[in-house]
Peer 1: 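Before anything else, here's the structure in question.
For clarity, every value in this text was computed on a predicted model and none was experimentally measured.
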Amino acid sequence: MAQRNWIAVASAEHARLGRDHRPLGFMQVGHGKHSPLKRLSAGDRVAYYSPSTVFGGTDRLQSFVSIGVVQPGEPYEFDMGNGFVPWRRDVSYAAGHEAPIAPLIERLAFIENPKQWGYKFRFGMFDVTDADMKLIAQAMKADLKTLSL
């Protein structure tokens, strides 16, 4: 089965927690929901888009903050404390830099109307083309070999 490419949406604070986790990164989507994670397969690529720095924040970060490859294994629950037990998937994140979306809006195929470019991100997680993932990876100066792009 071919690798798929996904955009996941989370605050930069939350996306960075998963990216910087050691020894292996992780991802969570939709406030810890299980069902979106079941759509992923090992080898799929995922890039995190962050509309703001902190959850519910009003700043307009509007940047891609991490990009990586989903690792083998099923989604699993993780106790973060205070009764919050979200579902996660392991992800091996590529080295790279956070990159603003603004310079990419006119070039990303998944953005059908540049005047309403933010609409698609309301879905929380959606799939994109190889070309879009490569464009994002290049903007982030991510290692394309790690991502098999």
Peer 1: If you measure only the distance, is there a donor-acceptor pair under 3.5 Å linking the side chains of N5 and D44?
Peer 2: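 There is no such pair between these side chains.
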Peer 1: For atom CD of E74, decide whether the heavy atoms of other residues, nucleotides or ligands shown that lie under 6.0 angstrom number more than 12.
Peer 2: no
Peer 1: Are the side chain of Q3 and the backbone of G43 linked by a donor-acceptor contact shorter than 3.5 Å?
Peer 2: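 Here the side-chain-to-backbone pair exists.
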Peer 1: Got more than 12 heavy atoms from elsewhere within 6.0 Å of CZ, R39?
Peer 2: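 Enclosed.
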Peer 1: Could you check R89, Q71, R88 and say which one makes a side-chain contact (heavy atoms from CB on, under 4.5 Å) with F26?
Peer 2: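 Going through the options one by one, the only one that passes is R88.
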Peer 1: Side chains of S11 and S50: closer than 4.5 Å at any heavy-atom pair?
Peer 2: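 Heavy-atom side-chain distance check fails, nothing below 4.5 Å.
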Peer 1: Between A10 and P51, which heavy-atom pair has the shortest distance, and what is it?
Peer 2: O-CD, 3.7 Å
Peer 1: Can you classify the ring geometry of F55 versus H31 as parallel (below 30°), tilted (30 to 60°) or perpendicular (above 60°)?
Peer 2: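 Ring orientation, 0 to 90° scale: perpendicular.
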Peer 1: Taking side chain as C-beta onward, heavy atoms only, is K33 less than 4.5 Å from M125?
Peer 2: no
Peer 1: Can you find a pair of side-chain heavy atoms, one from Q28 and one from M80, that are under 4.5 Å apart?
Peer 2: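 A side-chain contact under 4.5 Å exists here.
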Peer 1: Would you call R4 and L40 a side-chain contact if the rule is heavy atoms closer than 4.5 Å?
Peer 2: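 The answer is no; the side chains never approach within 4.5 Å.
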Peer 1: Could you tell me which non-hydrogen atom of W87 sits nearest to which non-hydrogen atom of P75, and how far apart they are?
Peer 2: CZ3-O, 3.6 Å
Peer 1: If you measure only the distance, is there a donor-acceptor pair under 3.5 Å linking the side chains of Y93 and D20?
Peer 2: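 No - no donor-acceptor pair under 3.5 Å links their side chains.
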Peer 1: Assess the residue pair D130 and R45 against the criterion (salt bridge (charged side-chain N to carboxylate O under 4.0 Å, His left out)); give the C-alpha distance rounded to whole Å, side-chain angles, the decisive distance to 0.1 Å, and a yes or no.
Peer 2: CA-CA 9 Å; D130 285 351; R45 292 174 284 257; 3.2 Å; yes
Peer 1: Could you tell me which non-hydrogen atom of P114 sits nearest to which non-hydrogen atom of E112, and how far apart they are?
Peer 2: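 That would be CD-O, 3.9 Å.
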Peer 1: So that I can tick it off, tell me whether E98 and K141 are bridged by a salt bridge, with the cut-off set at under 4.0 angstrom between side-chain N and carboxylate O.
Peer 2: no
Peer 1: Taking the side chain as everything from C-beta on, heavy atoms only, tell me whether Y76 gets closer than 4.5 Å to D90.
Peer 2: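 Contact flag for Y76/D90 side chains = yes.
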Peer 1: Could you tell me whether a side-chain N or O of N82 sits under 3.5 Å from a main-chain N or O of F84, the two making a donor and an acceptor?
Peer 2: no
Peer 1: Kindly give the heavy-atom pair with the smallest separation between H21 and L24, and that separation in Å.
Peer 2: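 That closest heavy-atom pairing would be ND1-O, 2.9 Å.
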Peer 1: Is there side-chain contact between V70 and S41, with at least one heavy-atom pair below 4.5 Å?
Peer 2: no
Peer 1: May I ask you to list the residues sharing a hydrophobic cluster with L135, side-chain cutoff 4.5 Å, ordered by chain and number?
Peer 2: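 Answer for L135: I7, V9, Y49, F64, I67, V69, I101, L104, I105, L108, F110, I111, W117, F121, F126, V128, M133, I136, M140, L144, L147, L149.
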Peer 1: Short question: side chain of S63, backbone of V65 - any donor-acceptor pair under 3.5 Å?
Peer 2: no
Peer 1: To check you understand the geometry: which heavy-atom pair defines the closest contact between S52 and V54, and what is its length?
Peer 2: OG-O, 2.9 Å
